[in-house]
Asker: 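Provided herewith is a single structure, encoded as C-alpha cells, for subsequent inquiry.
The first residue of the sequence shown is numbered 1, and numbering continues consecutively from there.
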Amino acid sequence: GAVKGPYRGVVGPVDVMWAKLSDDGGIGDSLVRYDVTFKVGWLNALGGYRVYERPGGLFGGPTASDRQTFGIDLMTGISYVWTNTELDLHRNPVLPIPPQERHLQLSDHFVAPLLATRFTNDFTERIRHETLLGLGGFGAGEAPNLTWQATSTLSYRFTDRWLIGLGYRALGMRDGDIHTTIHGPLIG
C-alpha cells in the first residue's frame, strides 16, 4: 500500500510492503523434515522535491491535459525493515529412537537512511506509469551495508485521489556474506 502527498513541487510518498514466504519438505532420503517461514515488513517514509516536470507527459503534445505530466523527483528518508525467520525440524521415529523436534527463530529489525529517485509519466489523464529506485542502509547503526529497491507500477486513476496499480517490486539487502533479494508482482 502507498500514500503520496504532492504539494507545489514537494513530494512525500509513504509505502508499506509485507511478505510471507514458506517451504517444507524432506532433507534427502533421511527421516528429517523441515518447515521454514520467512516474513518481512518494509516501510519507506520519504520526502523530496520534483526537480523536473514536463507538461503533457513524456509522449504528450501541446493538446494534452494539465493532468498529464512527466516528472523526476529526488527524495530522501528512512526505511524500517523487520524480518523473522522460523525453522522447524522434525525427525520421524525409528523403532527404539523417539521422534525429535527443534524450533529455531531469528528476528531482526533496523532503521536505515534511504536515497531515492522517482520517475512518473501520465500517458493519459487516467493512466500513469511510475518507477522508484532507491539505495540505503550504508551501514548506519544496525542497518546493513546496502539496501536497495526498484518498483515499477502502471496505474489507473478512478478519481482525483484514488488509483489502482499493478507492477513489480524488488527489494534487497547486502551485508557481508548475507545477500537477500525478494521480488514479485504487486497490486495496490
Side-chain angles (χ1 to χ4, degrees), residues 1-5 11-49 72-91 100-121 128-155 163-188:
V3 175
K4 300 168 187 168
V11 294
V14 175
D15 74 90
V16 176
M17 186 278 306
W18 184 83
K20 178 181 175 183
L21 308 169
S22 61
D23 190 26
D24 60 10
I27 299 175
D29 292 334
S30 71
L31 297 175
V32 178
R33 301 208 37 88
Y34 67 88
D35 293 313
V36 64
T37 302
F38 175 72
K39 299 176 202 167
V40 62
W42 197 300
L43 167 75
N44 291 324
L46 296 166
Y49 194 74
I72 300 174
D73 306 325
L74 295 180
M75 299 175 286
T76 187
I78 61 166
S79 288
Y80 172 74
V81 179
W82 169 81
T83 62
N84 180 278
T85 305
E86 291 185 52
L87 174 63
D88 290 315
L89 296 171
H90 313 277
R91 189 190 74 218
Q100 293 287 320
E101 292 188 17
R102 295 288 183 258
H103 177 80
L104 305 168
Q105 183 172 357
L106 175 65
S107 290
D108 197 10
H109 64 94
F110 61 86
V111 175
L114 177 64
L115 302 173
T117 301
R118 181 176 63 177
F119 303 91
T120 59
N121 184 60
R128 163 177 274 208
H129 180 258
E130 183 175 313
T131 297
L132 181 121
L133 305 171
L135 289 175
F138 311 117
E142 297 293 318
N145 290 331
L146 178 69
T147 63
W148 62 270
Q149 59 185 293
T151 305
S152 190
T153 57
L154 187 62
S155 302
L163 296 96
I164 186 166
L166 297 170
Y168 201 84
R169 182 172 218 176
L171 303 168
M173 293 181 272
R174 304 285 186 257
D175 196 27
D177 292 336
I178 298 172
H179 302 277
T180 303
T181 302
I182 300 170
H183 59 92
L186 65 89
I187 184 170

Asker: Drop me the distance from I187's CD1 to S155's OG, to the nearest 0.5 angstrom.
Answerer: 10.5 Å

Asker: Could you tell me if the side chain of F38 sits less than 4.5 Å from the side chain of D23, heavy atoms only?
Answerer: no

Asker: Identify the heavy atoms of G137 and T147 that sit nearest to each other, and give their distance.
Answerer: N-OG1, 3.4 Å

Asker: Work out which heavy atom in R174 is nearest to a heavy atom in P144; give both atom names and the distance.
Answerer: O-CB, 3.6 Å

Asker: Considering residues, nucleotides and ligands other than E142, do more than 12 of their heavy atoms fall under 6.0 Å from its CD?
Answerer: no

Asker: Between W82 and W18, what is the shortest heavy-atom contact and its length?
Answerer: CZ3-NE1, 4.1 Å

Asker: Please report the C-alpha distance between E130 and L163 in whole Å, then the side-chain angles of each, then the deciding distance to 0.1 Å, and finally whether the side-chain contact (heavy atoms from CB on, under 4.5 Å) criterion is met.
Answerer: CA-CA 12 Å; E130 183 175 313; L163 296 96; over 6 Å; no

Asker: Quick check: closest heavy atoms across Y34 and G26, and the distance to 0.1 Å?
Answerer: CE2-O, 3.7 Å

Asker: Taking side chain as C-beta onward, heavy atoms only, is I78 less than 4.5 Å from L43?
Answerer: no

Asker: Give the table of side-chain donor-acceptor pairs shorter than 3.5 Å for residues 106-119, with sequence neighbours excluded, one pair per line with atom names and distance.
Answerer:
| residue | atom | partner | partner atom | Å |
| --- | --- | --- | --- | --- |
| S107 | OG | N84 | ND2 | 2.5 |
| R118 | NE | D73 | OD2 | 2.9 |
| R118 | NH2 | D73 | OD2 | 2.7 |

Asker: Using the side-chain hydrogen bond (donor to acceptor under 3.5 Å, both in side chains) criterion, which residues pair with R33? Sequence neighbours excluded.
Answerer: none

Asker: CD of E101 to CZ of R91: how many Å apart, nearest 0.5 Å?
Answerer: 11.0 Å

Asker: Run the side-chain hydrogen bond (donor to acceptor under 3.5 Å, both in side chains) test against Y49 and tell me which residues pass, sequence neighbours left out.
Answerer: none

Asker: Heavy-atom count around I178 CD1 within 6.0 Å, excluding the residue itself: above 12?
Answerer: no

Asker: Between atom CD of Q100 and atom CG of L89, what is the distance when rounded to the nearest 0.5 Å?
Answerer: 11.0 Å

Asker: Grab the two heavy atoms, one from S79 and one from W42, that are nearest each other, plus how far apart they are.
Answerer: OG-NE1, 3.6 Å

Asker: Give the intermediate values and the outcome of side-chain contact (heavy atoms from CB on, under 4.5 Å) for residues L132 and Q149.
Answerer: CA-CA 8 Å; L132 181 121; Q149 59 185 293; 3.8 Å; yes

Asker: Quick one: does N145's side chain get under 4.5 Å of D175's, heavy atoms only?
Answerer: yes

Asker: To the closest 0.5 Å, what do you measure between CD1 (I72) and OG1 (T131)?
Answerer: 11.5 Å

Asker: Locate the shortest heavy-atom distance separating M173 from T83; write the atom from each residue and the value.
Answerer: CE-CG2, 4.1 Å

Asker: Just how far is it from atom CD of E86 to atom CD of Q105, taken to the nearest 0.5 Å?
Answerer: 4.0 Å

